[in-house]
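To start, the structure itself, in structure tokens.
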Amino acid sequence: MPELPEVETIRRALAPRVQGRRLAAVEILDARWSRPLAPDELAGGLEGRRVERLGRRGKYLLWELEDEVTLIQHLRMTGTLLFDPPDEPSHVRVRIALDDGHRLRYTDPRRFGTGELALGRAALEAFLDARLGPEPFDAECTPAGLRRAARGRTAPIKAFLLDQRRIAGVGNIYADEALHRAGIHPLRPAGALRLAQWEALHAGVVAALQAGIDAHGASIDDFRDPDGARGTFQDTFLVHRRAGEPCPACGGPVRKLVAAGRGTYVCERCQPRPRG
DNA sequence: GTGATAACCTGGGTGC
DNA sequence: TGCACCCAGGTTATCA
């Protein structure tokens with residue numbers, strides 16, 4: 001599941017290969033990907049333009065093209081970008097040919113991924129600002145700021161972490177791993193956390209995301225980098241998808257429960273369940 | 001405004 | 001072996 005570290009892994013691998021190149025041809029095979037624009041309409045906005053920068057914001061991959069045109073790409077559940085795959089992969093939704101002869105293939109078995117066009121800097125910022133809170137690694141993302149955003153909230157902290165408007169880039173995997181690092185139960189009401197807990201959680205989020213980036217992402221199911229290689233973060237998960245196994249910190253059992261409607265993994269010795 | 005839930009979608013796993 | 005069913009999850013829309 002591409003979360004911030006997986007998208008960053010893709011960005012780092014692709015940026016030196018696409019920056020400065022032109023999108024010679026763009027073929028969109030799935031109208032779901034480009035809607036509300038028709039495939040030809042979106043492809044027409046991209047073709048011939050030079051890639052000035054490949055950026056990222058939260059889980060969005062930002063293809064910043066000349067003339068202030070940006071392709072805002074979200075991989076959702078199973079999206080993968082492959083660079084010069086040896087064979088034509090299955091579930092190809094978009095084909096891109098670069099002007100130096102290299103090829104990109106966007107594959108997405110579940111077809112949740114999206115590509116949207118922003119015309120102009122203001123449109124891009126409006127799109128992102130409406131959907132995303134601060135980047136976890138930025139100085140503006142602070143424990144005190146998160147605490148303010150959560151004030152009065154009774155929803156579980158896991159739901160708060162998954163809400164991209166509160167903090168950008170955290171998904172199900174990294175929320176579980178961050179909460180375990182911080183010793184906080186995922187069902188604890190977000191508004192009930194003390195400042196010291198927010199400090200621990202902020203540090204846990206940053207540490208989990210950085211570990212994911214260092215491992216080139218987590219490849220539980222579909223994630224592959226642009227060269228088709230798997231990430232290794234799944235090999236060092238503390239709790240996520242480890243139900244029934246001993247907690248690496250205390251040896252207690254890792255349990256699976258549902259929080260925010262998502263499969264959630266917790267060690268209730270390290271992460272005491274809230275009373276009531 | 002807030003929180004919970006359904007819907008989108010398909011491959012893989014499980015049970016019969 | 002084949003079929004039906006369930007589950008996974010990021011985001012958005014809808015409802016209470």
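Quick note: numbers below take in every heavy atom, side chains included, and nothing from hydrogens, waters or symmetry partners. Order of the sequence lines sets the chain letters (A, B, ...), proteins ahead of strands, with each chain counted from 1.
Where the helix from B/dT2-C/dA16 to B/dC16-C/dG2 starts and where it ends, the local axes point in directions that differ by 50°; five pairs per end, rounded to 10°.
Between A/Leu61 atom CG and C/dT11 atom P the separation is 14 Å, expressed in whole Å. What separates CD1 of A/Ile72 from C1' of C/dG10 is a distance of 16 Å, to the nearest Å. If you measure from atom CZ of A/Arg35 to atom C1' of B/dC8, you get 8 Å, rounded to the nearest angstrom. Taking atom CZ on A/Arg110 and atom P on C/dC7, their separation rounds to 14 Å, with Å as the unit. Here C/dT11 presents its P atom at 13 Å from CD1 of A/Ile167, a figure rounded to the nearest Å. Taking atom NE2 of A/His74 as the reference point, atom P of B/dC9 lies 17 Å away to the nearest angstrom. Look at OH on A/Tyr60: it is 13 Å from P on C/dG10, rounded to the nearest Å. Rounded to a whole Å, the CZ atom of A/Phe160 is 14 Å from the P atom of B/dA4.
Taking the six-membered ring for Trp and the full ring otherwise, the centers of A/Phe127 and A/Tyr60 sit less than 6.0 Å from each other. For A/Trp198 and A/Phe160, the gap between ring centers is short of 6.0 Å. Less than 6.0 angstrom separates the ring centroid of A/Tyr174 from the ring centroid of A/Phe233.
Phosphate proximity of C/dG10 to A/Gln164: absent, as no side-chain N or O sits under 4.0 Å from OP1 or OP2. Checking the phosphate oxygens (OP1, OP2) of C/dG9, no side-chain nitrogen or oxygen of A/Arg76 falls inside 4.0 Å. The side chain of A/Arg153 contributes an N or O atom lying less than 4.0 Å from OP1 or OP2 of B/dT2. Using a 4.0 Å cut-off, no side-chain N or O of A/His91 falls inside it from OP1 or OP2 of B/dT10. Phosphate contact (OP1/OP2 of C/dA8, side-chain N/O of A/Lys256, threshold under 4.0 Å): present.
At a threshold of 4.0 angstrom between heavy atoms, the contacts of A/Thr154 are confined to the sugar-phosphate backbone, with no base atom among them. At the heavy-atom level, A/Lys158 lies nowhere under 4.0 Å from the strands shown. No engagement by A/Gly152 is indicated, since no non-hydrogen atom pair under 4.0 Å with the nucleic acid exists. Using a 4.0 Å heavy-atom criterion, one finds that A/Arg165 contacts no nucleic acid atom at all.
Taking only side-chain atoms of A/Glu3, from C-beta outward, the nucleotide of C/dT12, C/dG10, C/dG9 with the closest atom is C/dG10. Closest to the side chain of A/Ala155, from the set B/dG3, C/dG9, B/dC9, is B/dG3. Candidate nucleotides C/dT12, C/dG9, B/dA4 were compared by shortest atom distance to the side chain of A/Met77, and C/dG9 ranks first.
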Item to check | A/Thr232/A/His216 under side-chain contact (heavy atoms from CB on, under 4.5 Å): CA gap, chis, key distance, verdict | outcome: CA-CA 7 Å; A/Thr232 60; A/His216 299 130; 6.0 Å; no

Item to check | Test log, rule side-chain contact (heavy atoms from CB on, under 4.5 Å), inputs A/Arg53 and A/Leu62 | outcome: CA-CA 8 Å; A/Arg53 181 171 171 271; A/Leu62 305 176; 5.9 Å; no

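Taking the 5.5 Å centre cut-off and the 30° plane limit, the aromatic side chain of A/Phe112 is not classed as stacked on C/dT11.
A/Gln73 places no side-chain N or O within donor-acceptor distance of the main-chain N or O of A/Glu116, the cut-off being under 3.5 Å.
Checked for salt-bridge contact, A/Arg21 and A/Asp99 meet the test: a charged N lies under 4.0 Å from a carboxylate O.
Remark: the A/Arg262 side chain and the C/dT11 base include a donor-acceptor N/O pair separated by less than 3.5 Å.
Comparing A/Pro156 and A/Arg32 against DNA chain B, the residue whose closest nucleotide sits nearer the 5' end is A/Pro156.
For CZ of A/Arg50, the number of neighbouring non-hydrogen atoms (other residues, nucleotides, ligands) closer than 6.0 Å is greater than 12.
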